[in-house]
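To keep things clear, I will list the structure first and then write my remarks on it.
As a basis for the values below, the full set of heavy atoms in this structure was taken, side chains included, without hydrogen atoms, waters or symmetry mates.
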Amino acid sequence: MLPLTIATDGEAVFQRLLDMSISAGKHILTAALIFMAGRFLIRLLNRLFAKIINRPNIDGSVQSFLSSLVNILLTVLLIISVIGALGINTTSFAALLASAGVAVGMALSGNLQNFAGGLVILLFKPYKVGDWIEAQGVQGQVKEIQIFHTILTTADNKVVYIPNGSMSTAVVVNYSRNETRRVQWTLGIDYGEDVSRARQAVSSVLAADPRVLADPAPFIAVDALADSSVNLVIRVWVKTGDYWGVFHDIQHNLYETFNSRGINFPYPQQTVHVVHD
């Protein structure tokens, strides 16, 4: 009788293990199917949501922020669904999340600050997608405003992620906010040169460039009597998008014009007095 009893118990344990394996396999298979279907559905919903908010009356900054937020929320819902499909009690899981919320909140306090900073940026709009800004020692064009970071592309095509928390509290210089900007040059001429003739040469160069605005009028004046030169300051107003083109082109044309008219640029000079015994 003893061997028969052992055999019966072994069969029961084997059957129980088999049932558990089949049940676990069903849960894993269901969770895998839900995960794959969920990822496909999230991509579909993200594209659909992007089409819905891709309108001219909705700022690009708001679009990128909302798209990032919706993607995270959908991903969290998918994770909860997969956990439920695995047979884990989602109510207990939610309670576990709630109990760990304080600890997680403290650990992610920086990210919560960045999220709040993102809301402040969207509310007060110190910059938007497409603007050229300077912040945290970095200059670049705003490509995206996500829920935690602002993404800049620098002039040499580097991608920089700056936390929204620091962007909402630090100094941000927005070069694209106004329609016009002032361009300034300091130009040195030799002592003894005719300042009026130099001013006329500068005026001719400025007048020949249609990008230089007539109002406010260009400003040309003697800025300083330096050690080796008489320095002229030149200030003009241009459209913001023309700033760098005007800066470099006018500088080149001033050099060519001064050379052609025989107006000399100074070299550093030093007078040495020799005392003979």
With a 4.5 Å cut-off on side-chain heavy-atom distances among I, L, V, M, F, W and Y, is there a chain of contacts connecting [X] to [Y]?
| X | Y | result |
| --- | --- | --- |
| Val183 | Tyr175 | no |
| Val222 | Ile234 | yes |
| Tyr255 | Leu187 | yes |
| Val70 | Ile72 | yes |
| Val202 | Leu225 | yes |

>> Tell me if the CZ atom of Phe49 is crowded by more than 12 foreign heavy atoms within 6.0 Å.
In response: yes
> Under 6.0 Å from the CD atom of Glu256, do we count more than 12 heavy atoms belonging to anything else shown?
Replying inline: yes
>> Apply side-chain contact (heavy atoms from CB on, under 4.5 Å) to residues Leu254 and His252 and explain how you reach the verdict.
In response: CA-CA 5 Å; Leu254 286 172; His252 172 81; over 6 Å; no
> Going by distance alone, is a donor N or O of one side chain under 3.5 Å from an acceptor N or O of the other, for Asn71 and Asn46?
Replying inline: yes
> So, Thr150 and Tyr161: side-chain donor and acceptor under 3.5 Å apart, yes or no?
Replying inline: no
Check [X] against [Y] and note the closest heavy-atom contact, atom names and distance.
| X | Y | result |
| --- | --- | --- |
| Gln136 | Ala170 | NE2-CB, 3.0 Å |
| Pro218 | Leu213 | CD-O, 4.0 Å |
| Pro266 | Gly188 | CD-O, 3.1 Å |
| Asn231 | Ala226 | ND2-CB, 3.6 Å |
| Tyr127 | Met167 | OH-CE, 3.4 Å |
| Ile263 | Ala198 | CD1-CA, 3.9 Å |

> What do the steps show when you test Thr186 against Leu232 for side-chain contact (heavy atoms from CB on, under 4.5 Å), and what is the final call?
Replying inline: CA-CA 6 Å; Thr186 299; Leu232 301 180; over 6 Å; no
How long is the straight-line distance from [atom2] of [Y] back to [atom1] of [X], given to the nearest 0.5 Å?
| X | Y | atom1 | atom2 | answer |
| --- | --- | --- | --- | --- |
| Asn114 | Ile162 | CG | CD1 | 11.5 Å |
| Arg197 | Ile189 | CZ | CD1 | 9.0 Å |
| Leu122 | Ser168 | CG | OG | 11.0 Å |
| Tyr243 | His248 | OH | NE2 | 9.0 Å |
| Gln113 | Phe148 | CD | CZ | 12.0 Å |
| Glu179 | Trp237 | CD | CH2 | 12.5 Å |

>> Classify the ring geometry of Phe265 against Phe258: parallel below 30°, tilted from 30° to 60°, perpendicular beyond 60°.
In response: parallel
> Parallel, tilted or perpendicular: which fits the ring planes of Trp244 and Phe247, with parallel below 30° and perpendicular above 60°?
Replying inline: perpendicular
Is a side-chain donor or acceptor of [X] paired with a backbone partner of [Y] at a separation under 3.5 angstrom?
| X | Y | result |
| --- | --- | --- |
| Glu134 | Gln139 | no |
| Ser260 | Thr257 | yes |
| Arg199 | Ile220 | yes |
| Thr180 | Lys239 | no |
| Thr153 | Gly140 | no |
| Asn164 | Gln146 | yes |
| Asp190 | Gly192 | no |
| Thr154 | Lys158 | yes |

> Could you go step by step and tell me if Leu33 and Phe35 meet the side-chain contact (heavy atoms from CB on, under 4.5 Å) rule?
Replying inline: CA-CA 5 Å; Leu33 292 175; Phe35 178 78; over 6 Å; no
Compare all side-chain heavy atoms of [X] with those of [Y] and state whether any distance is below 4.5 angstrom.
| X | Y | value |
| --- | --- | --- |
| Ile133 | Leu152 | yes |
| Val238 | Val236 | yes |
| Asn264 | Glu193 | yes |
| Pro126 | Ile121 | yes |
| Ser204 | Arg261 | yes |
| Leu41 | Leu45 | yes |
| Thr75 | Ile79 | yes |
| Trp185 | Ile250 | yes |

>> Please determine whether salt bridge (charged side-chain N to carboxylate O under 4.0 Å, His left out) holds for the pair Asp242 and Arg181, giving the CA-CA distance in whole Å, both sets of side-chain angles, and the decisive distance to 0.1 Å.
In response: CA-CA 9 Å; Asp242 293 334; Arg181 287 185 63 187; over 6 Å; no
>> I'd like to check the side-chain contact (heavy atoms from CB on, under 4.5 Å) partners of Ser176; sequence neighbours left out, ordered by chain and number.
In response: Asp131, Trp132, Asn174
>> I'd like to know whether Leu78 forms a side-chain contact (heavy atoms from CB on, under 4.5 Å) with Leu74, so could you lay out the CA-CA distance, the side-chain angles of the two residues, the decisive distance to 0.1 Å, and finally the verdict.
In response: CA-CA 6 Å; Leu78 175 61; Leu74 291 175; over 6 Å; no
> Of all residues at least two apart in sequence or in a different chain, which pass the side chain to side chain donor-acceptor pair (under 3.5 Å) check with Thr169?
Replying inline: none
